[in-house]
Amino acid sequence: MTPPIKVLVADDHMIVRTGIRHVLESEAGFEVVGEASTGSEAWALAAKLQPDVVVLDISMPGESGLQVAARLRERSPLPRVLILSMHDNAEYVLESVRAGADGYLLKDAAATELRSAIRTVCRGESYFSPPVASRLREALRGEHETHAGSLRQLTAREREVLQGVARGRTNKEIAAELGISHRTVETHRESLMRKLQIRTVAELTRFALGAGILES
């Protein structure tokens, strides 16, 4: 049996934390291992409980969710970070990606989308809800020309793999779509990340959006 995804919820509103706990624990496959109401508490609990995914609000007393997300990139094992916010402002989304967040979801999202987002980031992929992806694309549009030059380094197959990764596809799903082996996808993925000097899926998604590759 697959172990449940261990989730740490950080939000300064108890009613929000309670709601998230109810949404997750009403379906098998999730375990809320802790709750935090401040940024510093979130950091301390992440170190103690070692969750698989940390669901972070941006605005919290003390350290912000973005500051906590950046600090969590230093941890080993590295937890996945999903920002859950009421803000769909492009700059908030962009700063979240820069801080190393693996996904960004709005607080008015449906319960099914929250669970789907957590599953997605837990398996190492990125998740940005459609309105958020649109804002991020707009914010990165100015970087299109720079990214276009970097894209020329990639082979046609590497670009296809990049597109799949940025869409949140697993290596297995990409392999099935392209008709190649799982191992071949891994090889292409490692190669394109090395060429682009990118280390995380969140950064890869940001690059793909900025280059307009998801619009092709």
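Grouped with V32 in one hydrophobic cluster are I5, V7, V9, I15, V16, I20, V23, L24, F30, V53, V55, L82, L84, L105, L114, I118, V121, Y127, the linkage being side-chain heavy-atom contacts under 4.5 Å among Ile, Leu, Val, Met, Phe, Trp and Tyr residues.
Remark: A101 pairs with V81, I83, S96 by the side-chain contact (heavy atoms from CB on, under 4.5 Å) rule, at least two apart or across chains. Remark: Q67 pairs with E63, S64 by the side-chain contact (heavy atoms from CB on, under 4.5 Å) rule, at least two apart or across chains. Partners of N171 by side-chain hydrogen bond (donor to acceptor under 3.5 Å, both in side chains), not counting sequence neighbours, listed by chain and number: R189.
D52 places a side-chain N or O within 3.5 Å of a backbone atom of K6 that can act as its donor or acceptor partner. Using modelled atom types, one side-chain atom of T120 and one backbone atom of S116 make a donor-acceptor pair closer than 3.5 Å.
Of all the heavy atoms in A46 and L72, the pair that sits closest is CB-CD2, 3.7 Å. When every heavy atom of T38 is checked against every heavy atom of P61, the shortest pair comes out as CB-O, 3.8 Å. Residues A42 and A10 come closest through the heavy atom pair CB-CB, 3.8 Å. Closest non-hydrogen pair, G34 versus L49, comes out as CA-CD1, 3.9 Å. Annotation for D11 and M60: closest pair N-SD, 3.9 Å, computed over non-hydrogen atoms. Nearest heavy atoms, R80 versus C122: CG-CA, 4.0 Å.
Once rounded to the nearest 0.5 Å, the distance linking OG of S191 with CD of E158 reads 3.5 Å. Separating the CD atom in Q163 from the CD1 atom in I174 is a distance of 10.0 Å, to the nearest 0.5 Å. Considering OG1 of T187 and CG of L192, their distance stands at 11.0 Å, rounded to 0.5 Å. To the nearest 0.5 Å, atoms CD (E41) and NZ (K48) are separated by 10.5 Å. Note that the CZ atom of R123 and the NZ atom of K172 stand 11.5 Å from one another [nearest 0.5 Å]. Between atom OG of residue S37 and atom CG of residue D57 there is a gap of 11.5 Å, rounded to the nearest 0.5 Å.
Here the side chains of R157 and T184 are not in contact, with every heavy-atom distance at 4.5 Å or above. Side-chain contact between I198 and M193 is present, with heavy atoms from C-beta onward closer than 4.5 Å. Y92 has its side chain out of reach of M86: every pair of non-hydrogen atoms, C-beta onward, lies at least 4.5 Å apart.
Applying the ring pair (Phe, Tyr, Trp, His ring centres under 6.0 Å) rule to pairs touching residues 173-198 yields nothing, sequence neighbours excluded. Among residue pairs with one or both ends in residues 15-31, those qualifying as salt bridge (Lys or Arg N to Asp or Glu O under 4.0 Å) are R17-E35, R21-E25, R21-E35, E27-R115, E27-R119; sequence neighbours excluded.
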